[in-house]
**Q** 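One structure follows; several queries about it will come next.
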Amino acid sequence: MKDESIFKKIINKELTASIIYQDKIVTAFKDIKPKAPIHILIIPNIFISSSNDIDEKNKDILAHMFYIAVQIAKKKKISEKGYRIIINCNKDGGQEINYLHMHLLGGKKLRPLS
Ligand code: 5GP
């Protein structure tokens, strides 16, 4: 698994990335290797390693990430047709980067999970 530095640099604008939304709590940017016409990552501005580290103190950040993902889906006009929101966790879940991130995927008919 890659460490968190890439996403920290994106938040701090030290790395070129297509940031499409940022506020005090989250940053959203285009995935470098998109798996769908719309593939956006939404991450918390404070470092959270994975969904295993969601706790009583930081759980509201997840609600905000979800809310922003839906707002972006509406803005990108994929909300009516539909989209997918994914969070991978650790090795078996397919998490490649050690920084909690939500994938927003859409713009085409996505394959079923099974
Ligand atoms: P995971 O498999 O951890 O859930 O997803 C990590 C995602 O981060 C992958 O879809 C990958 O393409 C994306 N990614 C990895 N490195 C970079 C990068 O430097 N910039 C951007 N924008 N996305 C990245």
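Small disclaimer: the values here were computed from a predicted structure and weren't measured. Scope of the values below: all heavy atoms of this structure, side chains included, with no hydrogens, waters or symmetry mates. Note that ligands are numbered from 1 as they come in the structure, with each ligand's atoms numbered from 1 the same way.
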**Q** Please write down residue, atom name and distance for the protein heavy atom closest to atom 24 (C) of ligand 1.
**A**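 Sorting protein heavy atoms by distance from atom 24 (C) of ligand 1 puts Ile32 CG2, 3.4 Å first.
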**Q** Which ligand 1 atoms are under 4.0 Å away from a heavy-atom of Lys35?
**A**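 Here the atoms of ligand 1 in question are 10 (O), 12 (O).
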**Q** Give the numbers and elements of all ligand 1 atoms closer than 4.0 Å to a heavy atom of Lys33.
**A** 12 (O)
**Q** What is the closest protein heavy atom to atom 9 (C) of ligand 1, and at what distance does it sit?
**A** Asp31 OD2, 3.3 Å
**Q** Heavy atoms only: give me the nearest Leu100-Ser51 pair and the separation to one decimal.
**A**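 Here Leu100 and Ser51 meet closest at CD1-N, 3.6 Å.
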**Q** Would a single hydrophobic cluster contain both Val26 and Ile20, if residues Ile, Leu, Val, Met, Phe, Trp and Tyr are joined by side-chain heavy-atom contacts under 4.5 Å?
**A** yes
**Q** To check your reading of the model: name the closest protein heavy atom to atom 5 (O) of ligand 1, its residue, and the distance in Å.
**A** His101 NE2, 3.0 Å
**Q** State whether Lys59 and Glu56 are salt-bridged, where the test is any N-O pair (Lys NZ or Arg NE/NH1/NH2 against Asp/Glu carboxylate O) under 4.0 Å.
**A** yes
**Q** What protein heavy atom sits nearest atom 2 (O) of ligand 1, and how far off is it?
**A** Gly94 O, 2.9 Å
**Q** Any donor and acceptor pair, going by atom type alone, linking the side chain of Asn12 with main-chain N or O of Lys9 inside 3.5 Å?
**A**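 No; judged by distance alone, with no hydrogens or angles, the pair does not exist.
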**Q** Going by the rule side-chain hydrogen bond (donor to acceptor under 3.5 Å, both in side chains), which residues pair with Asn45 if we only count those two or more places apart in sequence or in a different chain?
**A**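 Only Thr27 meet the side-chain hydrogen bond (donor to acceptor under 3.5 Å, both in side chains) criterion with Asn45.
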**Q** Could you tell me the separation between the CE atom of Met65 and the CG atom of Asp60, rounded to the nearest 0.5 Å?
**A** 13.0 Å
**Q** If you measure from each non-hydrogen atom of Asn88 to ligand 1, which part falls under 4.0 Å: side chain, backbone, both or neither?
**A** side chain
**Q** Relative to ligand 1, is Ile87 under 4.0 angstrom through side chain, backbone, both or neither, heavy atoms considered?
**A**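 Neither; no heavy atom under 4.0 Å.
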**Q** Assign the ring pair His39 / His103 to parallel, tilted or perpendicular, where the plane angle (0 to 90°) is split at 30° and 60°.
**A** tilted
**Q** Just heavy atoms, cut-off under 4.0 Å: does Lys30 contact ligand 1 by side chain, backbone, both, or neither?
**A**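 The answer is the backbone.
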**Q** Answer side chain, backbone, both or neither: which part of Ile6 comes under 4.0 Å from ligand 1, heavy atoms only.
**A** side chain
**Q** Going by the rule side-chain hydrogen bond (donor to acceptor under 3.5 Å, both in side chains), which residues pair with Tyr67 if we only count those two or more places apart in sequence or in a different chain?
**A**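 For Tyr67, no residue satisfies side-chain hydrogen bond (donor to acceptor under 3.5 Å, both in side chains) once neighbours in sequence are set aside.
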**Q** Do me a favour and list the nearest non-hydrogen protein atom to atom 15 (C) of ligand 1 with residue, atom name and distance?
**A**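 Nearest protein contact, heavy atoms only, for atom 15 (C) of ligand 1 is Ile97 CD1, 3.4 Å.
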**Q** Look at atom 3 (O) of ligand 1 and say which protein heavy atom is nearest, naming residue and atom and giving the distance to 0.1 Å.
**A** Glu96 N, 2.6 Å
